[in-house]
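One structure is given here, and the rest of the page talks about it.
A, B, ... follow the sequence lines: proteins, then strands. Residue 1 opens every chain.
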Amino acid sequence: MPSEIGAVHTNGDGGLNYLNNGHGLRSWLLTKDHKRIAILYLITVSIFFVIGGVFALLIRINLLSPSGLFEPDTYNRLFTAHGVIMVFFFLVPAVPAILGNFLLPIMIGAKDLAFPKINLLSWYCYIVGACFGLVAIIAGGVDTGWTFYTPYSTSFSNSNVLLVGIGIFIVGFSSILTGLNFIVTVHTMRAPGMTWFRLPLFIWAHYATALVIMLATPVLAITVALMAIERVAHVGIFDPSMGGDPVLFQHMFWFYSHPAVYIMVLPAMGVVSELIANMSRKNIFGYKFVAMSSLAIAVFGFLVWGHHLFVSTQSVYLGLIFSFLSYAVAIPSAIKVFNWTATLFKGSISYDTPMLYGLGFIGLFLIGGMTGLFTAALGLDVHITDTYFVIAHFHYVMVGGSLMGFLGGLHLWWGKMTGRNYPEYWARAAAVIQFVGFNLTFFPQFLLGYLGMPRRYASYPPEFQLLHVLSTAGATILGIGMLMTISYFIWSLKNGTRATPNPWGASGLEWHTSSPPPTENFLTTPIVTWEAYEFAPMETMDVLGYPGEPHTPAQPVHSEHGTED
Amino acid sequence: MALIETERDPARVEMHSHRHPRLVHHFESMEQQREAGTLGMWWFLLTEIMFFGGMFLAYTVYRHLYFDAFAAGSNVLNIWWGTFNTMVLIGSSLTMALAVFHAQTGNPRKVVIFLLATIVLGSVFLRVKYIEYNDKFVEHVFPAGDFRWPIVNESVRPNNIGDLLLMLVGAEHLNGAGPAEAVPEKPAINNASQTAEQAADPLMAGHVRMFFWIYFAMTGFHALHMIIGIGILLVLIVQTRRGKFSKEYHSYIELFGLYWHFVDIVWIFLFALLYLIDRHP
Ligand code: HEM
Ligand SMILES: [Cu+2]
């Protein structure tokens, strides 16, 4: 198959599809088609990723020299801008709003999400909120860190906390609306035969994510709203000098923001399940366990926020409970990883780009997860709290997890989304470069943190310089890898070969419609008669007959693995 | 790949000829469409619970920490206004329920009447809320700016139904009491619940201020929900008059009914927690 990806096919050529069904800016900005909205998200979220990445490089450049190149105040604003953009404007929407939006209805055989107008509204919320964020940065930025801890953020900071707060509040609604749409769609719009346990694991992951979004995001919304009001009116709810409690802010903030890491990483796990199944042509080992572990992660995710407060006023007993619960979350995550590896075992694995990202995900997430056990251990955490160890840990989880999942998914479904193939050779090269760059960036940060380098410092003792320089070198390599990916994706839009409907020989519904799909996803409502990930023999798949007519017997998609047509 | 047709076949796309005119393109049946709407509304209300939940958390924490101050603060709130508004809101829930009933039985004229009644009652609620807020400004217990505790400037407060109705129509002066500005500022403690040592305690003032801050945040967000609700009611009335709804298609009205009842229930909690608990009259 690898060499086939570049081959020219005629499918999807010349027909009416969601991309050419309507032209002009208006038809895009007012679209209610979930696929077009996904593309709008793809463009805007990518722009924010690039901006966030530029800030990351500025951070790393600053840390090249022990004395720091920028003023400490400037540095504070740099890492805050980086954190806010990456978390709220990139990681949270990346997989669900782009891949989820595009694929969720198609994968369950629906014509659209349940509430198309609300879906469009969610994109506008994203845009308006993100604009507030941008304006705040242009107007001088924020220096509080992305966690906005009070009372600094409410009483002392001389920066644009209010603007960013409003931005995050609005962006929060964008994700609530997306979550609402997902839940209702999965409940009410599955095609005939698409039972709950035939749902692709991607759908299970997004369903669990949507639950977390709906329960956690409103808490963030009210928290930033209270912060904003406190900042404007000095009402004192978080201000100790007025009897308020800054730790209350931390509780409320982490009640959202810990589950939020699952908002970021669960959808990526769904993507990885698809990657692994499709690229090793096997049903996921323990399908039900993987599906249920998504729900378990969603539930447990709400019970562990206190591990962010080990060093702020929490009693040892409470700390012990949160520590224990944090360990418990590792179980469902480990179930996933074990089942993926068991799936790979004896699979007919093809090392195409999506698979490289899938394997990258497993490796990096494993390191991120294992070091999470360090940070969840009560005593050890006191040593590593607010050091680079934590920075490295959450970059392994969030970048290694969400970003790898996102890129892997983007490669797997790029042909489906755009109708064009990306150049496989360059894509593999970029994936490998990113993997190397990533590890070179963040592995030294574990060491730095363990040796005592605190986070959020613009300068440091000279003995840390070597590790910082290595990290900056890694960041540069990572940045080059990212630039390659962005370039060949854009290049492929014009010059890529035409994508076929089912280049990977997969069984999900999204592969049973043209690439790119027509406006209503399928010409008629599909009837599902096969289990999830039923790969062979393809002849047993009875697909897409028109109701009232005898079903068209399905053609074997692949005579054998790895060949097309 | 024979099984995929990329060409869109109009004959096939439009083969569902018996679609209800209000059935949106991506749903298969009216039933599915309604189910989706209802489920969506319930989930939305769940997020609303979490949204208010943050403020209820703050309330619980500080009530626990500063019990005396919260009791003192809650005594400044006027229980007459609170009770009256609770009645008004329950009444509006009733008119809303009747509107839904008539929507289900296909009687658009009555739907309009009851939606209008709901608007009227909602507006009365907001008007009372405005009067109450205004009192707090005049008494300087609005938590931002010039907050003063103990109260030095008690404004006009209703003490019985008669006062209440007179004040509601803006005729409070008929009752003998002048408008708030006319009350001379007297540096006295005239709230029954404020003992002398409480009044002397500067910390107490800060904690009462916290109570009012929570009061304004919670009732403010609640009032915002009412204002949005009234806006939607206006749209629904126009749509009903234009004949958009019928016996088969009225889920907007039903769904809005859920929202309105939810806002009502939130108020009942607010009333109980802010006005009623631990009053020592
Ligand atoms: C080129 C790659 C990157 C580098 C070199 C980098 C570097 C850094 C550094 C040095 C910090 C710590 C600032 C401090 O606390 O002093 C930081 C914070 C952070 N980074 Fe990155 N980052 C990179 C990519 C990313 C990506 C891709 C994401 C998200 C997808 C991300 C998310 C975050 C977040 C959330 C923080 C926390 C900020 C805070 O705690 O205030 N980073 N990054
Ligand atoms: Cu956490």
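- Proximity of B:Tyr62 to A:Leu248: side-chain heavy atoms (C-beta onward) are separated by under 4.5 Å at one or more points.
- Between B:Trp43 and A:Leu211, the closest side-chain pair of non-hydrogen atoms falls below 4.5 Å.
- B:Ala36 approaches A:Phe115 most closely through the heavy-atom pair O-CZ, 3.2 Å.
- By the side-chain hydrogen bond (donor to acceptor under 3.5 Å, both in side chains) test, B:Tyr133 pairs with B:Thr219, sequence neighbours left out.
- Between chain B and the options A:Leu215, A:Val219, A:Ile213, A:Thr217, heavy-atom pairs under 4.5 Å are most frequent for A:Leu215.
- With respect to chain B, the highest number of heavy-atom pairs below 4.5 Å among A:Leu177, A:Ile118, A:Asp245 belongs to A:Asp245.
- For the pair A:Met189 and B:Phe27, the minimum side-chain heavy-atom distance is below 4.5 Å.
- Put simply, the side chain of B:Gln32 gets close to the backbone of A:Thr188: a donor and an acceptor are under 3.5 Å apart.
- Between chain B and the options A:Ala114, A:Ala110, A:Pro517, A:Ala233, heavy-atom pairs under 4.5 Å are most frequent for A:Ala114.
- A heavy-atom distance below 4.5 Å is found between the side chains of A:Phe255 and B:Met50.
- Across all non-hydrogen atoms, the minimal contact from A:His187 to B:Leu39 is CB-CD2, 3.4 Å.
- Here the closest non-hydrogen pair linking B:Gly54 and A:Met252 is O-CE, 3.7 Å.
- Judged as a side chain to side chain contact (heavy atoms under 4.5 Å, CB included), and not counting sequence neighbours, the contacts of A:His34 are A:Asn101, A:Pro105, A:Ile106, A:Asp112, A:Leu113, A:Asn119, A:Asn521.
- Of the two parts of A:Ala225, only the side chain, counted from C-beta on, holds a non-hydrogen atom closer than 4.5 Å to a non-hydrogen atom of chain B.
- For B:Leu65, no part sits under 4.5 Å from any heavy atom of chain A, backbone or side chain.
- No part of B:Phe212 comes within reach of chain A, as not one of its non-hydrogen atoms sits under 4.5 angstrom from that chain.
- In this structure, B:Phe44 and A:Met214 approach most closely via the heavy-atom pair N-CE, 4.4 Å.
- The CE atom of A:Met242 lies 4.0 Å from the CZ atom of B:Arg209; values are rounded to the nearest 0.5 Å.
- Within the 4.5 angstrom heavy-atom criterion, atoms from both the backbone and the side chain of A:Ile237 approach chain B.
- Rounding to the nearest 0.5 angstrom, the gap separating the CG atom in A:Asp239 from the CE atom in B:Met210 is 8.5 Å.
- Here the CD1 atom belonging to A:Ile222 is positioned 4.5 Å from the CZ atom belonging to B:Phe221, to the nearest 0.5 angstrom.
- Most heavy-atom pairs under 4.5 Å with chain A, from the set B:Ala217, B:Gly206, B:Gly40: that is B:Gly40.
- Both the backbone and the side chain of A:Ala221 have a heavy atom closer than 4.5 Å to some heavy atom of chain B.
- Enclosure of atom NZ in A:Lys32 is not indicated, since only 12 or fewer non-hydrogen atoms of other residues, nucleotides or ligands lie within 6.0 angstrom.
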